[in-house]
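The next block holds one structure in the form of structure tokens; read it before the comments.
Not measured: the values here are computed from a predicted model. In what follows, every chain begins at residue 1, and chains take the letters A, B, ... in the order their sequences are listed.
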Amino acid sequence: MKCRDAYLHICDNLDEQIDSPRCREIKAHLKACPDCKAFLTTLKKTVGLYRTMPQPKLPRGAHSRLVHALATEEKKGGARSGPNSKS
Amino acid sequence: MHHIGKGGRPDKESDEALIARIRAGDKKAFTALIKRYEETVYRFSFKVCRDPVKAEEAMQDTFINVFRKLDSFDGKSKFSTWLYTIVTNNCRMKHRQTRARAAEESLDELMDPSFTREGKMAHEIAQWDDTPEDRMMGKELREVLERSIARLPEDYRLVFVLRDIDGNSTEETASIMGITEEATKSRLRRARAFLREQLDPYMAGDGRRRA
């Protein structure tokens, strides 16, 4: 098992519990190779950091502007009952 | 059922039922569809466009497209996948219209990390000091994360956000992007490695300690 093979596989299976013969080989490689072990750990941390980044919030007034844009679109085309349609 | 992002409400009326009501002329159903997805569409657009004005424009364009094209949605994929396809295309269009590429790596194709001829890592890999859970998401770290993802070429950023942040499957991401699953995996692998590399100087600190 080479680092390159481990890299290709661990990246495809970052979130999976893996237990095939191939994966056992990779686990053995990770145990013996500090660089690959550090690579996997820091790769997981990278993804984790982006997942925990604060989420942007819908700007104030964005919903109203969207409804207005759709109402304008509806007047142009009239193909569908939009959010401003009168029942 | 997987709803798009966290905005979905699996405990409420399904997307399919909502769409059926829209098609039947129910005036309130389209508003309900907007309320269900506007936050998620905006967030996705923001994460890709990295700009609040462009993100809002992409969100508006996306719902106008949904308004125009809902009759062509055949239900073979999940509604969320169809919606992601539309917003992805709108983000791509916005990207082409602007100079956003200036911040990105000039390489169209990111490369995998370097290996020796024997297939070993070409460089020593340092462990990072803290786990994400240990470290407060401070302003400095947020800026590093922002700068790094802004440098990622857009097609790679899209795959990374679709798959790793918003939680679409590889199959769904490939369908949304219009590429093969193999190409999706390759882009994801390189995007992750690129971001890891970008964060490394900040996260490893001066000590650059080994595992």
Original post:
Non-hydrogen atoms of chain A under 4.5 Å away: do they reach the side chain of B:Leu33, the backbone, both or neither?
Top reply: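 When you check distances to chain A, no heavy atom of B:Leu33 falls under 4.5 Å.
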**OP:** Using non-hydrogen atoms and a 4.5 Å limit, figure out which bit of B:Glu56 sits close to chain A: side chain, backbone, both or neither.
**Re:**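 The side chain, not the backbone.
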Subject >> Pair B:Asn90-B:Thr62, side chain to side chain donor-acceptor pair (under 3.5 Å): steps then yes or no >> reply: CA-CA 7 Å; B:Asn90 283 326; B:Thr62 297; 3.0 Å; yes
Subject >> Check: B:Phe160 ring centre within less than 6.0 Å of A:Tyr50 ring centre >> reply: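 Yes, close enough.
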**OP:** Please name the residue in the list B:Val87, B:Thr88, B:Asp61 that meets the side chain to side chain contact (heavy atoms under 4.5 Å, CB included) test with B:Ser45.
**Re:**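 That would be B:Val87; it is the only one of B:Val87, B:Thr88, B:Asp61 passing the side chain to side chain contact (heavy atoms under 4.5 Å, CB included) with B:Ser45.
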Subject >> Between B:Leu199, B:Thr116, B:Val161, B:Thr170, the one whose heavy-atom pairs under 4.5 Å with chain A are most numerous >> reply: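 If we count pairs closer than 4.5 Å to chain A, B:Leu199 comes out on top.
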Subject >> Candidate list B:Phe63, B:Trp82, B:Tyr84, B:Phe79, test ring-ring contact (aromatic ring centres under 6.0 Å, His included), partner B:Tyr37, passing option >> reply: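 It is B:Phe79; the other options fail the test.
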Subject >> Proximity breakdown for A:Thr41 and chain B, heavy-atom pairs closer than 4.5 Å >> reply: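 Only the side chain of A:Thr41 comes within 4.5 Å of chain B.
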